[in-house]
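Proteins come first, then strands; the chains are lettered A, B, ... in the order of their sequence lines, and each starts at number 1.
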Amino acid sequence: MKRAIALVDCNNFYVSCERVFQPKLEGKPVVVLSNNDGCVVSRSQEVKDLGVTMAAPWYQMKALAKRHGIVAFSSNYALYADLSSRVMSLLSQFSPQQEVYSIDESFLDLSGMPGSHAEYGQLMRRTIRQCVGIPVCVGIAPSKTLAKLANHVAKKNPQFNSVCDFNSMSEDELDALLASIEVGEVWGVGRRTAPKLQEIGIHSVLDLKRSPPGRLRARFSVVFERIVSELNGVACLELDDVPHDKQQIICSRSFGMLTSSLADLEQAAIAYTTRAVEKLRQQHSIASALHIYVRTNPHRTQDAQHQQGILVPLDEPDDDTRAFCKAALHGLRQIYRPEHAYQKVGVMLADIVPASERPRTLFDDDAARERSKSLMNALDHINRRMGSGTLRLLGEGANQSWAMRRESSSRRYTTEWEDLFICPS
DNA sequence: TCTGGGGTCCTAGGACCC
DNA sequence: TCTGGGGTCCTAGGACCC
């Protein structure tokens, strides 16, 4: 029996989320910007057609935007995350095996399902469009890497009507199609490797499919052996239907303005550490080290640059925000140089293990451990109930002058009562 | 003036051990 | 002339993804 893996991918996801609540933007050029309104991270088809690339700096395209009436939104992750979970939950009803791969993509195992898989894909499309309002494309193939390509084909070629099933094609038909796609479109072949492949005569996906895996492995890495197998229809990547615990948890952000103030950096460090440790507790893990780093703006070449990080080990693996904040401040004071204007501070939790594997030591203070646990539980409970950041450490600061800019955010239509969408009648 | 954030995997090289 | 060899662990950095 041939495996059938479907990849369902939302079209221009963030832009599509905004359009759900502002349908008048259908057919208009729309972008969604990254934090600080820095880069373009989601583009409508109209904007792609204008030649705007992914991650283009927004300030550089203000003139183009004005000329074509491009509508720009700041990122509204509360909205995107909520619509994503609705899409994923609907999709879960179409297969017993689902891997939620990212905020806007999901793999589904359709192996052994009777009937036309392409028609089944159309049903998924209609359902999601009708229930959530988001347009999606579906690619179906015997491996994940091919399913990704099938999805690409479905998006680019209107004659497929947004669903492309490689399994329903003959070998020759498929190879002809693969010969027409550039090798850089393959999942795992990035902008660095694509030119190197072209140097050795591999231009199309078909070229890559027919390459001797051993040669690629020697030149690049084992990853390529796997990619070639996957292109030949041999599934090497299993469907991961249980989400793994994160092995590292990062929280970092650029400031709304450059700052040389240690007080600002300390506030940000505490705020980001607090967020990271919340995520750590959410997955019921503990960590025993914190890496903190600072960075000046690398684009300002006229400024003296400083980029440094430091790993601060904890006395013992922990999940108490206070222990990590102490470590973060300790690390920050060692790497901070007052003569620089910093753009960013970030923290990363490392050496993460499940809380159930906490080692027992001779010096365990069980009472203190219990107090810490109760405090963190109360903190998380209140913040979940009353909104993130309701209760926080004083060190985060009340007036966060370094906080990021978000000048044109839409409302949190689906997750906040005061932002609820009321249909104009 | 203004250039994102959060993750994973792989490799190379050094330290260390026997 | 000629300076062991193999294994493991850790870290930094690159590449990639969304």
Can A:S102 and A:E105 be said to form a side chain to side chain donor-acceptor pair (under 3.5 Å), step by step? CA-CA 5 Å; A:S102 73; A:E105 285 171 76; 3.3 Å; yes

Take A:W187 and A:Y101 through the test ring-ring contact (aromatic ring centres under 6.0 Å, His included) and record every step on the way to the result. CA-CA 13 Å; A:W187 193 31; A:Y101 179 70; 5.5 Å; yes

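For the pair A:L231/A:L149, a side-chain contact is recorded, criterion being any heavy-atom separation below 4.5 Å from C-beta on.
Nucleic acid contact for A:Q343: sugar-phosphate only, since backbone atoms but no base atoms lie under 4.0 Å from a heavy atom of the residue. Note on A:D37: nothing from the nucleic acid sits closer than 4.0 angstrom, heavy atoms only. Using a 4.0 Å heavy-atom cutoff across all strands shown, A:I249 reaches sugar-phosphate atoms only and no base atom.
Mapping A:L258 and A:N35 onto DNA chain B by nearest heavy atom places A:L258 closer to the 5' end of the strand. For A:I250 and A:Y77, each mapped to the nucleotide of DNA chain B holding its nearest heavy atom, the one lying further toward the 5' end belongs to A:Y77.
From the 5' end on, the contacts that DNA chain B makes with chain A at under 4.0 Å to a non-hydrogen atom open and close at B:dT1 to B:dT11.
In this structure, A:K144 is positioned above the aromatic face of A:F107, its NZ or CZ under 6.0 Å from the six-membered ring centre and within 45° of the axis.
Only one option out of A:R281, A:R385, A:R392, A:K373 pairs with A:D380 in a salt bridge (charged side-chain N to carboxylate O under 4.0 Å, His left out); it is A:R281.
Spacing between B:dT3 and C:dC18 at atom P, rounded to whole Å, works out to 25 Å.
With both pairing distances under 3.5 Å, C:dC17 is matched to B:dG6 as a Watson-Crick or G-U wobble pair.
Side-chain contact check for A:S44 and A:N12: no donor-acceptor pair (N or O, by modelled atom type) lies under 3.5 Å.
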